[in-house]
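Keep in mind the model is a prediction, meaning the values are calculated, not measured. Computed over heavy atoms, backbone and side chain alike; hydrogens, waters and symmetry mates excluded.
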Number of protein chains: 2
Amino acid sequence: MPRPRTHDEALRVRLLDRAGRLLSSEGAAALSLRRLAADVGTSTTAVYSLFGGKPALLRELYVEGFRRFNARLRAVEHTGDPAEDLVRIGIVYRQSALADPHLYSIMFTRVLPDFEPDADAIAESTAAFMPLVEVVREAIESGVFTQTAPDTVAITSWGLVHGLVSLELNGNLPPGMDVAGAYEDALRANVRGWLKT
Amino acid sequence: MPRPRTHDEALRVRLLDRAGRLLSSEGAAALSLRRLAADVGTSTTAVYSLFGGKPALLRELYVEGFRRFNARLRAVEHTGDPAEDLVRIGIVYRQSALADPHLYSIMFTRVLPDFEPDADAIAESTAAFMPLVEVVREAIESGVFTQTAPDTVAITSWGLVHGLVSLELNGNLPPGMDVAGAYEDALRANVRGWLKT
DNA sequence: GGAGTATCCAGAACGCCGTTACCAAACTCG
DNA sequence: CGAGTTTGGTAACGGCGTTCTGGATACTCC
């Protein structure tokens with residue numbers, strides 16, 4: 001009896017894909033449901049039947065961003081020297097952010113006024129934080145780092161990379177500076193600060 | 001021949017004040033021109049004759065935020081030990097952000113979709129960055145810190161405090177943790193990382 | 001004092017937005 | 001072939017930032 005449905009999984013993927021591209025190419029203001037629906041050749045109703053509304057669609061982009069982040073950070077292979085691993089993770093963190101800057105801005109800034117991450121979404125974000133905690137714990141237990149709460153060291157490191165990447169993406173860094181070089185210097189100084197003396 | 005103007009300096013101040021309060025108490029979504037005008041007993045026209053539009057009004061809040069930040073950071077008195085000064089500036093940075101969290105979010109996140117800082121506004125932001133550079137330069141010249149580009153150290157420190165404050169304001173930090181304590185530990189580790197060995 | 005006029009600003013109008021309600025369209029089954 | 005049912009495009013609603021406009025206002029000049 002039903003009419004053949006066109007609001008299917010394929011359309012869902014096309015909407016998400018187009019939303020991401022729209023966001024990165026024309027900014028948050030260009031990402032309206034009318035525009036999005038017109039671009040993929042459907043109506044705004046599709047977003048409601050497939051996601052439930054605009055915030056729900058943005059939520060998908062948010063968790064997708066953390067999923068990619070997570071994968072990239074976990075792919076960093078350990079060298080046996082946890083201090084060096086910490087630096088490597090930091091470098092991959094920046095590369096991940098620069099690879100999907102529009103996703104990064106959804107994840108960590110409030111570019112999209114209609115979306116606030118709920119508890120579940122935030123849980124997804126803290127998961128991305130785990131590889132960092134593991135490496136730090138290893139560094140402390142093996143005696144490379146001074147005896148401290150692993151959370152403190154991990155959060156400090158996260159704050160550092162997040163802050164630097166935010167400043168870079170916001171254009172707050174002095175023009176013409178060697179960002180990659182300064183970034184690595186910062187990571188190494190951070191590690192030095194926690195070494196057991 | 002003219003009719004006495006009511007769109008005057010006093011109204012301008014009242015609009016800015018109300019906009020700030022609206023933002024901090026009810027969030028970015030509540031800050032609409034219609035609502036704002038109704039609250040202070042005028043019409044939306046006032047915002048256009050006094051500022052030029054909504055983005056221009058938000059710009060005023062942005063520079064006001066940096067002005068306060070600037071004043072607070074410059075008020076930190078130097079102890080003679082530049083390493084200690086750097087820690088103190090970091091602590092005041094966090095206090096400033098927590099004192100005006102809504103202004104901080106205008107300054108460093110994109111809560112307000114209609115506003116993007118222009119070059120002049122960004123220049124205002126880098127001015128707030130100067131006390132930091134001075135202290136770092138002093139630490140390097142006096143031989144306390146290792147020989148490095150002062151910009152690198154200053155930006156690292158800024159990134160660290162900005163990142164930690166952002167994570168805190170975004171609710172990304174584990175609940176129940178001693179934020180102030182961990183924050184100070186982070187500042188001291190950062191300083192240690194740059195000490196001349 | 002009344003007429004004219006230059007100025008100002010509240011409110012209506014416009015084209016967007018997210019969201020919701022509705023009903024024409026399109027299929028299966030008796 | 002008609003009845004029934006699920007589907008989704010269209011249109012309506014309230015709100016937004018912005019623009020336009022017309023009536024109210026207060027001064028000058030006769």
Side-chain angles (χ1 to χ4, degrees), chain A residues 1-16 18-23 25-62 106 110-118, chain B residues 1-16 18-23 25-62 106 110-118:
Chain A
M1 358 174 168
R3 158 184 181 182
R5 58 171 49 223
T6 56
H7 290 182
D8 54 3
E9 190 58 29
L11 180 59
R12 182 191 157 88
V13 170
R14 280 202 298 146
L15 282 169
L16 277 177
R18 181 68 193 145
R21 293 179 193 280
L22 217 40
L23 198 60
S25 64
E26 301 185 43
L31 180 47
S32 78
L33 295 193
R34 286 172 157 87
R35 169 74 188 278
L36 176 63
D39 279 11
V40 304
T42 181
S43 69
T44 59
T45 310
V47 174
Y48 288 86
S49 59
L50 286 171
F51 298 93
K54 189 176 184 183
L57 177 135
L58 301 180
R59 210 197 96 106
E60 297 295 296
L61 290 177
Y62 177 93
I106 296 182
R110 297 268 172 278
V111 245
L112 300 166
D114 302 320
F115 167 68
E116 290 255 354
D118 54 23
Chain B
M1 357 172 167
R3 155 188 182 181
R5 58 170 49 223
T6 56
H7 290 183
D8 54 3
E9 190 59 28
L11 180 60
R12 181 191 158 88
V13 171
R14 280 200 299 145
L15 282 170
L16 278 177
R18 182 68 193 144
R21 293 178 193 280
L22 217 40
L23 197 60
S25 64
E26 302 188 41
L31 180 47
S32 79
L33 295 194
R34 286 172 158 88
R35 169 75 188 278
L36 175 63
D39 279 12
V40 304
T42 180
S43 68
T44 58
T45 312
V47 174
Y48 288 86
S49 59
L50 285 171
F51 299 94
K54 189 175 184 182
L57 177 135
L58 301 180
R59 209 197 96 107
E60 296 294 297
L61 290 177
Y62 178 92
I106 296 182
R110 298 268 172 280
V111 245
L112 300 166
D114 301 321
F115 167 67
E116 289 255 355
D118 54 23

Asker: Provide, to the nearest angstrom, the distance between the CG atom belonging to B:Asp8 and the P atom belonging to C:dC8.
Answerer: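 Atom CG in B:Asp8 sits about 12 Å away from atom P in C:dC8.
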Asker: Distance check needed: C:dA10 C1' versus B:Leu50 CG, whole Å only.
Answerer: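 The distance from CG of B:Leu50 to C1' of C:dA10 comes to 14 Å, rounded to the nearest Å.
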Asker: Check the distance between C:dA26's P and A:His7's NE2 and give it to me in whole angstrom.
Answerer: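 Those two atoms, NE2 and P, are 14 Å apart.
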Asker: Nucleotide by nucleotide, 5' to 3', does protein get under 4.0 Å of the base (B), only the sugar-phosphate (S), or neither (-) in nucleotides 10-20 of chain D, counting heavy atoms?
Answerer: B-B---BBBB-
Asker: With sequence neighbours left out, write down each residue that passes side-chain contact (heavy atoms from CB on, under 4.5 Å) with B:Val13, or none if nothing qualifies.
Answerer: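 Partners of B:Val13 by the side-chain contact (heavy atoms from CB on, under 4.5 Å) criterion, ordered by chain and then number, come out as B:Glu9.
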Asker: Going by the salt bridge (charged side-chain N to carboxylate O under 4.0 Å, His left out) test, which pairs reach into residues 40-50 of chain B, not counting sequence neighbours?
Answerer: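 Those involving residues 40-50 of chain B do not exist here.
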Asker: Using the side chain to side chain donor-acceptor pair (under 3.5 Å) criterion, which residues pair with B:Ser49? Sequence neighbours excluded.
Answerer: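 Applying side chain to side chain donor-acceptor pair (under 3.5 Å) to B:Ser49 gives B:His7.
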Asker: What pairs with A:Phe51 under side-chain contact (heavy atoms from CB on, under 4.5 Å), at least two apart in sequence or on another chain?
Answerer: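 For A:Phe51, the residues satisfying side-chain contact (heavy atoms from CB on, under 4.5 Å) (neighbours in sequence not counted) are A:Arg12, A:Leu15, A:Leu16, A:Val47, A:Ala56, A:Leu57, A:Glu60.
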Asker: Apply side chain to side chain donor-acceptor pair (under 3.5 Å) to B:Thr6 and list each qualifying residue two or more places apart in sequence or on a separate chain.
Answerer: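 Not a single residue meets the side chain to side chain donor-acceptor pair (under 3.5 Å) criterion with B:Thr6.
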Asker: Under 4.0 Å, counting only non-hydrogen atoms across every strand here, what does A:Ser49 touch: a base, just sugar-phosphate, or nothing?
Answerer: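 Since no nucleic acid heavy atom lies under 4.0 Å of A:Ser49, the category is nothing.
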Asker: To the nearest 10 degrees, how far apart in direction are the end axes of the helix from C:dG1-D:dC30 to C:dG30-D:dC1, each fit to five base pairs?
Answerer: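 End axes: 30° apart.
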Asker: Tell me, please, which residues at least two apart from B:Arg21 pass side chain to side chain donor-acceptor pair (under 3.5 Å).
Answerer: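 B:Arg21 satisfies side chain to side chain donor-acceptor pair (under 3.5 Å) with B:Asp17 once adjacent residues are dropped.
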Asker: For A:Tyr48, does its backbone N or O pair with a side-chain atom of A:Lys54 as donor and acceptor, under 3.5 Å?
Answerer: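 Checked: no pair found.
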Asker: For B:Arg35, which residues count as a side chain to side chain donor-acceptor pair (under 3.5 Å) partner, sequence neighbours excluded?
Answerer: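 Testing B:Arg35 for side chain to side chain donor-acceptor pair (under 3.5 Å), a comparison that skips the adjacent residues, returns B:Glu26, B:Asp39.
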Asker: Let me know the distance between CG of A:Leu36 and P of C:dC17, rounded to the nearest Å.
Answerer: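 From A:Leu36 CG to C:dC17 P: 11 Å.
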